[in-house]
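Keep in mind the model is a prediction, meaning the values are calculated, not measured. Sequence lines set the chain letters: A, B, ... in the order given, protein chains first and strands last, and positions in each chain run from 1.
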Amino acid sequence: MPGGGPGRRRVLPYLLVLPGVAWLVLFFGLPLVQLAAASLYDPTGSLSTGYVFAWAFGNYPDALATYWPHLARSFGYAGLALLLALALGCPLAYAIALRAGRWRNLLLVCVVAPMFTSFLVRTLAWKTILSDQGWLVGLLRDVHLLAPDGRLLATPFAVVLGLTYNFLPLLVLPLYASLERLDRRVLEAATDLYADPLRTFLTVTLPLAKPGLVAGVLLFFIPASGDYINAELLGSPNEYMVGNVIDSAFLVRLDHPQGAALSFLLMAAVLGLVVTLLRHTRGEGSPALDGGAR
Amino acid sequence: MPDDDPPGGDLHLVDLSKRFGRVTAVDSVSLTVPQGSYFALLGASGCGKTTTLRMVAGLERPTGGRVLLGDRDLTGLRPYRRPVNTVFQSYALFPHLDVFDNVAFGLRRRGVREVPEQVRRMLALVQLDGYERRRPGQLSGGQQQRVALARALVNRPRVLLLDEPLAALDLTLRRQMQGELKRLQTDLGTTFVHVTHDQEEAMTLADTVAVLHAGRVEQLGAPADLYDHPASAFVATFLGQCNLLAAEAAGTAGDEVAVTAYGLRLAVPADRARADRGAVHLGVRPEKLRLAGTADEVPAGHQQIPAVVTDVTYLGSGTRYLLRTGWGGELSAYTVNDGTGARLPVGAAVLAHWVPRHAFLLPRDPVERAAAPAGEPVGAPG
Amino acid sequence: MPDDDPPGGDLHLVDLSKRFGRVTAVDSVSLTVPQGSYFALLGASGCGKTTTLRMVAGLERPTGGRVLLGDRDLTGLRPYRRPVNTVFQSYALFPHLDVFDNVAFGLRRRGVREVPEQVRRMLALVQLDGYERRRPGQLSGGQQQRVALARALVNRPRVLLLDEPLAALDLTLRRQMQGELKRLQTDLGTTFVHVTHDQEEAMTLADTVAVLHAGRVEQLGAPADLYDHPASAFVATFLGQCNLLAAEAAGTAGDEVAVTAYGLRLAVPADRARADRGAVHLGVRPEKLRLAGTADEVPAGHQQIPAVVTDVTYLGSGTRYLLRTGWGGELSAYTVNDGTGARLPVGAAVLAHWVPRHAFLLPRDPVERAAAPAGEPVGAPG
Amino acid sequence: GVEGARQDPQDCVTEDRSASEPTLAFSNWPQYLDVDEDDPTKRPTLDDFVARTGIRVTYTEDINDNNEFFGKVRQQLAACRGIDRDLIVLTDWLAARMIGFGWIQQLDPARLPNVRANLLPQLANRSFDPDGRIAVPWQSGLAGLAYNGRVTREVRTVDELLTRPDLKGRVTLLSEMRDTMGLLLQSAGHDPANFTDDQFDAALARLERAVAAGQIRRFTGNDYAPELARGDIAACLAWSGDAIQLAAGDERVRFVAPEEGVLLFSDNLLVPKTATHRANAERLIDHYYDPAVAARLAAYVNYICPVRGAREEMERIDPELAANPLIFPDDALLNRARVFMTLDEEQERRYETAFQRVIGA
Amino acid sequence: MSGRVARWLVDRWVVGVALLVLGYLLLPIAVVAALSFNQPTNRLSYDFHRFTLDNWANPCATRDMCDAVVRSVQVGFLATLVATVLGTMMAYALTRHRFRGRSGIGLLVLLPMATPELVLGTSLLALFVAAGAPQGFWTVVVAHVMFCLSFVVVTVRARLAGMDRRLEEAAMDLYATEWQAFRRVTLPLLLPGIAAAALLAFSLSFDDFIVTNFNAGTTVTFPMYVWGAAQRGIPPQVNVVGTAMFALALLLVALTSLPRRPSRPHR
Ligand SMILES: Nc1ncnc2c1ncn2[C@@H]1O[C@H](COP(=O)(O)OP(=O)(O)OP(=O)(O)O)[C@@H](O)[C@H]1O
Ligand SMILES: Nc1ncnc2c1ncn2[C@@H]1O[C@H](COP(=O)(O)OP(=O)(O)OP(=O)(O)O)[C@@H](O)[C@H]1O
Ligand SMILES: [Mg+2]
Ligand SMILES: [Mg+2]
């Protein structure tokens, strides 16, 4: 930022972030501290007898030892879904931002509006579409892409598909927002320099839209890795993710220390990935950690 | 990819037009750029130069007409399929790439070998060695433009389009780059189409100059022809400064055309008249106008107009005088500061005189449509 | 807000410096721009002109030094508190506003009345009436630059900073805008600081010119002084073309300095020598150099060098000759096409001669540091 | 740490404001109350109650799942804070847990004459409410088998579900541990009301093998129903109320009460400790134990009606439903039906954890 | 002719792919729309049985559902408003200023997204219970603002990063204070990003079940209604609402954007 700094300027950023940060600290940070404490409770406690805070760090290795396959699956499925979403979302965001002309807003809403139709309804609609008796499975069986007794539902495929579907708008929106402000002259320069559309996209468009891409990847991957409803509705027990385990720990098994420990393990893993990702993209105006402040 | 193309050929624009909504930016332009020539598109701001160039590059789809390279119709071709490169008016550098990678971009897309050598050579040429690792945002305007130039030139295209490539450079560097451009063009035999609003640049570099006006080609020819024998008032004033006197021509008599302007009877050689009857412009360039203190000093056979000096501008290598004529018109005269002759003071009464061969006649619309009103000096000596 | 400010005053830059990491863009520049004067900052690409201007505007925080307007220290002030407006080199038009709203922006921020009238008047001035409702993206480069100009001028600031405001305009329009700028500046009494790399522009417009070189002020003075009596080889070559001969001076004898160059004994008036002993440059501008076929034609008292014509460039109003001297150096000569004298052919043996008063002497570093090697022509006649 | 959730009855006393406030907040499961076929905005039996007593009832269908609901209210109840509900409907085992925590108010038998008179004897004297003073059944149901005759031949036993190769991948079980394990225990010849750890472990091992072999497609809540109707699921564990609905759409969808036994469960009306309108709640409870009202309700929800005398009333409304053993079960069926054992907290955690591990979470 | 079509497609394969992806996104909506015209055989069936317009004729047939929809819209609106304003402020400060704790705050903003919703929901509930705040409409709004905030910040920040700063400089040079420069230049240019963020926030809020469910008390939002209803089969009116919301959003945008200026110029 140009210019010198009388006092007002130095407090301005703090004034700007204050309400949001206060909100987060109050309604997210505080409960989180509580949760952190819960993850260190003596695991032998129960609802009726109460829990004793015991620095029980053992909860973490215990949870990890039992549920690492679920964690791995979470990241595996979310990662696969992310790849799929990138393959689908990039052309979509690109087309909306740069090719749609006056249809842009309409298409944008087409991307988001499905979310107005409840999550559950959409997922159930997918069940209809992927049904063993449905036309899609029938077609796939006819062309021998699927064994005669093969199915789509209750398979990893359905889970990844569901994850991709449900979180795709989260990837597309920020990507779109950053593609939309791209300087077209630069894209023209690339085509002029022998880059076909694909190369232009990969070598110029995408790097320039990196802040949006990074944001989209974060918005997609983070919730996707914590999701459990797709696994529950579209998968089978063999597809359950760590979200399902946390759900069951908190609601069914009432093992709160374990639930809390698993939550933190998930968060730590996600944040680890996120920070690595941001580290990689830093210096090129990565939006999330470093901002664009030059 | 350009390397697989059949060899170039002349570049033909056939009836090329471009409309943006109700604005007609380019209005059925037809011209031929001979292969290997240095061609300049000269015109005022907003006359459609950039748009024409963009259509050649394939970045703008023509509303009508065609672009041909030799026998090949480029009109529908995508930009990256055309053996054509552009130096953009706004640079359009890749902000996420450093200088080196910007210049290497085209080479890499074509899978060329020896990228580093070629890039280094090119950067040296535009005097940017040592700047390889800077991002465009860390360069000055002129430095950016040089990167843009290097980025296009390094590809050695069949046709290089340059959109005011030197506008942001200082004169020293511009001279030097002009020299380099000309040399490169001659060495490579590439066709250069150079858009500029600097007529000196156009005249220095180009084999052929096309003057564009309001989306149409106003005149096309060798620089000297355009300067010495312009086809219209617009060209006359756009290519250097010109004094235009509104006059009436009375037809050819012998090898001269007699004209009357503001009560003065003057004559112009017939071969320098583009009109010999009715409303005409009599044009004399400022540097052809000489100033005498008394009638004795005016050589025989010269035409003359009495006037008063109203302004003197020192321009380093020369001096520009503004003169007011008896009828209130303004004339501009330019003398070179070669050390002879004292400077005239403001208010001095002088006789502006010229050799008849140095004047020319142009048709004049009864309603003026030239860029500047007649009788006023426009433009400057090259 | 500028209206509440105490009246302006001279603009002082005191030891102003700016470093970007290891790059020193501006290196302790001190200069004073008198109130109401037209000041030009002239320099090669990348010499720090834009950076200097940005520090005056408050857009860049100086690494060291201060900016004063009259007695008032502006150094720490926010841009919108400074009675200073800028025409940006890159236009920086607001893409979401149309032309009218772009120009009206500053007025509205200050709550000025009669916005539409003022904006209209300004748009008429830059010849953009009728373009009010276009967005910047729908304008040509030159049109955009004119909008930028109008947007700053309409605010009638105390100090107007112009960063190459005319670079994208064609000559006709540039001339016209130069006239308008000058007129506005005189009418309003505003201090103009005009960054340019076009020395003709600087000399036409400015009362005072500062030549910047590598972040430092190389020379400061009236245009004619700079041209006629440059302080360094850089200034000599940057302001117009100049022939510089490496020579050895033997000290002042009477009112002349005797020098030896390439075996020739030459003399320069003592009041035109900035050095009179040791390694010097002898400078003669191309337009001061005349060409004679035989020794008889050389007037008495002239200095002379035999040479051969190697290149002839027709420039419309004049002709440029390149000459090769006996020792392999190059000289440039410029003659105005005033209709006298025939053009010399390439290969002709000539004597280049000049009046001793037209030459000047500059100190020469044993190791050359001028922008271009001596003995080669650089720059062009204004 | 946190303190135990158990409330001492003395610590959390709520004043009953029924006398001054004729209102009642009633939370129930979706579609668990009759709706007028012609005007879906009307709920006839409830509207009658309002008309008759003048008590304004705020009826909310916000209980979707026992576990989820428990998670939603447990912190408030443990802290003796109101949950804005005077009457809730929860399944036996959760009712038992909440009663155990001391979160439920005792009712006044004197104000429940219809209940005393008409409650089915099989539903009296349940272990978590021996005196019948705290949890009154709303509806009951059976957990058994269902299959879709369009896509498979008849299924008669739980064993077939776990082993028949033609059903592989097309079988779902219930994610409710008591239902699935209860039926498995019965199919192994054990009594779900009274079993040992070893018996449980053996049954679970059998389940685990079936899961590992890919026999079991999913563990479901109510959402098995559309899949069964569609035929994606060939056979499954199911609840009787759903089966009747499904059979109404396609009569080849059949509910089977296996010979080895079925599981009986009830959803119970409970008045939370912090509810302020207990008396009003009691009036509503008693209203629904009027056989005529119960019959109308049963005609809509199709679960087992816990009210004696409702069957006779039903004959007048819909004789066909009156004859349906899944709404008014005969003694033979009732004799095969068992209620799952009430588990203490330790057992519950052990069984639930083991079961959850097998079903994937 | 077919050659031209093929070429058009090759030229615009991106558009083709995009349309396919859009199809993928809209496929379930098509199913939902179809089912909104369904006369189901019984309360447990989601499959198409018989065509009827009844569901559309009485979209509020099911008591409570329309209340729930209205409530969800209200919550979504409020939460979007607050989250967008706070989030944009944060994003602006984080991108345009350097100050202590900036990267810490950047991380804090990401954390809620990395937290399983269930955890967000239960731990927030614990807070409300401890503070003695009655659950209901306002606790839902508070919760929604909390998780929407992160999404807004990330989205807006992505657009701000790399936005041409010279424009803000030009504005300040033209007497715009920092606020005015933001209001007159940054904000309008940021608007597509903010709009995208707001859209995202609204749809996240409108669609949220888990966090809401824990903090809603007896308030019922549309997703809660749907989850409840789904236990016993989804009433076709839910499909009507889903389809209608979708159509409404399209219609609104179509109305506001169609009569606008033509496509953007090339520069
Ligand atoms: N996208 C557009 N929409 C509307 N009008 C346009 C558009 N692009 C250019 N124009 C108009 O078309 C005319 C020609 O523009 P062009 O850019 O070709 O001019 P130019 O000759 O390159 O001018 P300059 O020397 O100023 O760059 C101008 O009047 C311009 O305003
Ligand atoms: N942000 C930056 N980071 C690093 N170097 C910079 C930055 N901005 C400018 N420079 C360097 O500082 C020097 C001066 O730049 P400046 O823009 O002032 O030049 P200029 O005189 O305006 O040149 P031009 O005539 O080409 O516009 C240049 O060498 C440039 O590369
Ligand atoms: Mg242009
Ligand atoms: Mg500059």
Side-chain angles (χ1 to χ4, degrees), chain A residues 34 37-38 40-42 44-54 66-67 69-70 73 120 123-124 127-128 130-134 137 149-155 228 231-259, chain D residues 1-7 65-72 74-75 78 97 100-102 148 150-151 166 168-170 172-173 175-177 208 211-212 214 216-221 223 226-227 229-234 344-346 348-361:
Chain A
Q34 178 61 39
L40 299 176
Y41 288 165
D42 179 354
T44 59
S46 72
L47 261 191
S48 60
T49 58
Y51 288 100
V52 183
F53 184 80
T66 319
Y67 292 110
H70 294 80
R73 224 178 275 148
L120 186 69
T123 310
L124 291 179
K127 285 189 94 148
T128 308
L130 300 178
S131 160
D132 295 9
Q133 316 295 317
V137 168
D149 60 344
R151 60 173 198 237
L152 293 176
L153 277 178
T155 61
Y228 66 94
E232 190 173 315
L233 292 180
L234 300 174
S236 76
N238 299 321
E239 274 82 56
Y240 276 20
M241 301 168 41
V242 72
N244 301 79
V245 180
I246 295 174
D247 187 52
S248 133
F250 273 107
L251 292 182
V252 182
R253 292 186 279 118
L254 301 180
D255 189 346
H256 291 193
Q258 190 187 61
Chain D
V2 280
E3 288 174 15
R6 183 162 292 133
Q7 276 294 334
D65 179 282
N66 285 307
N67 284 314
E68 200 179 277
F69 186 76
F70 180 74
K72 199 166 151 172
R74 68 171 170 86
Q75 304 188 54
R97 182 195 290 167
F101 285 166
N148 186 335
R150 254 187 316 120
V151 294
D166 65 312
K168 183 173 179 206
R170 298 199 291 157
T172 66
L173 307 183
S175 55
E176 193 73 82
M177 182 264 285
E208 189 166 12
V211 170
I216 313 299
R217 183 186 182 115
R218 286 179 57 216
F219 289 83
T220 68
D223 48 327
E227 285 184 70
R230 203 182 288 139
D232 284 356
I233 301 174
D344 65 30
E345 200 170 29
E346 189 45 47
E348 174 155 350
R349 166 156 335 167
R350 187 178 112 69
Y351 292 151
E352 196 67 86
T353 304
F355 180 72
Q356 290 290 327
R357 196 179 40 74
V358 171
I359 72 167

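- Contact of the D:Glu227 side chain with the A:Asp132 side chain is not registered, since no non-hydrogen atoms from C-beta on lie closer than 4.5 Å.
- Nearest approach of A:Tyr240 to D:Phe219, heavy atoms of both residues: OH-O, 4.3 Å.
- A distance-only check finds a donor-acceptor pair linking the side chain of A:Gln133 to the backbone of D:Gly231 [under 3.5 Å].
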D:Arg218 vs A:Leu153, side-chain contact (heavy atoms from CB on, under 4.5 Å): CA-CA, chis, key distance, verdict: CA-CA 10 Å; D:Arg218 286 179 57 216; A:Leu153 277 178; over 6 Å; no

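- Separation of atoms CD (D:Glu352) and CG (A:Leu254) is listed at 8.0 Å; rounding is to 0.5 Å.
- Only the side chain of A:Tyr67 has a heavy atom closer than 4.5 Å to any heavy atom of chain D.
- The most heavy-atom pairs under 4.5 Å with chain A, out of D:Ile216, D:Asn67, D:Thr220, D:Val151, come from D:Asn67.
- Chain D forms the most heavy-atom pairs under 4.5 Å with one residue out of A:Asn244, A:Leu233, A:Asp42, A:Thr66, and that residue is A:Leu233.
- Here CD1 of D:Ile359 is found 8.5 Å from CD of A:Glu232. Values are rounded to the nearest 0.5 Å.
- Proximity to chain D is absent for every atom of A:Ile246, based on heavy atoms less than 4.5 angstrom apart.
- Only the side chain of D:Arg97 comes within less than 4.5 Å of a heavy atom of chain A; its backbone N, CA, C and O stay farther away.
- Highest contact tally toward chain D, considering only A:Val252, A:Val245, A:Asp247, is held by A:Val252 [criterion: heavy-atom pairs under 4.5 Å].
- The structure places OG of A:Ser48 at 3.0 Å from CD of D:Glu345, a figure rounded to the nearest 0.5 Å.
- Side-chain contact between A:Arg151 and D:Arg170: absent, with no pair of heavy atoms (C-beta onward) separated by less than 4.5 Å.
- Pairing each heavy atom of A:Lys127 with each of D:Arg230, the nearest pair is O-NH1, 3.7 Å.
- Without hydrogens or angle criteria, D:Asp232 side chain to A:Ser131 main chain gives no donor-acceptor distance under 3.5 Å.
- Looking only at heavy-atom pairs under 4.5 Å with chain A, the residue among D:Glu68, D:Arg74, D:Glu346 that has the most is D:Arg74.
- Atom CG of residue A:Leu251 and atom CG of residue D:Asn66 lie 11.5 Å apart, to the nearest 0.5 angstrom.
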message: Set out, in order, the CA-CA distance, both residues' side-chain angles and the distance that settles side-chain contact (heavy atoms from CB on, under 4.5 Å) for D:Gln356 and A:Ser248, then state yes or no.
response: CA-CA 8 Å; D:Gln356 290 290 327; A:Ser248 133; 3.5 Å; yes

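- Heavy atoms only, all atoms of each residue included: D:Arg349 and A:Gly45 are closest at NH2-O, 2.7 Å.
- A 4.5 Å side-chain heavy-atom check between D:Phe70 and A:Leu47 finds at least one atom pair inside the cut-off.
- Looking at A:Leu40, there are no atoms closer than 4.5 Å to chain D (heavy atoms on both sides), in backbone or side chain.
- Checking side-chain atoms of A:Arg253 against main-chain N and O of D:Ala354 turns up no donor-acceptor pair under 3.5 Å.
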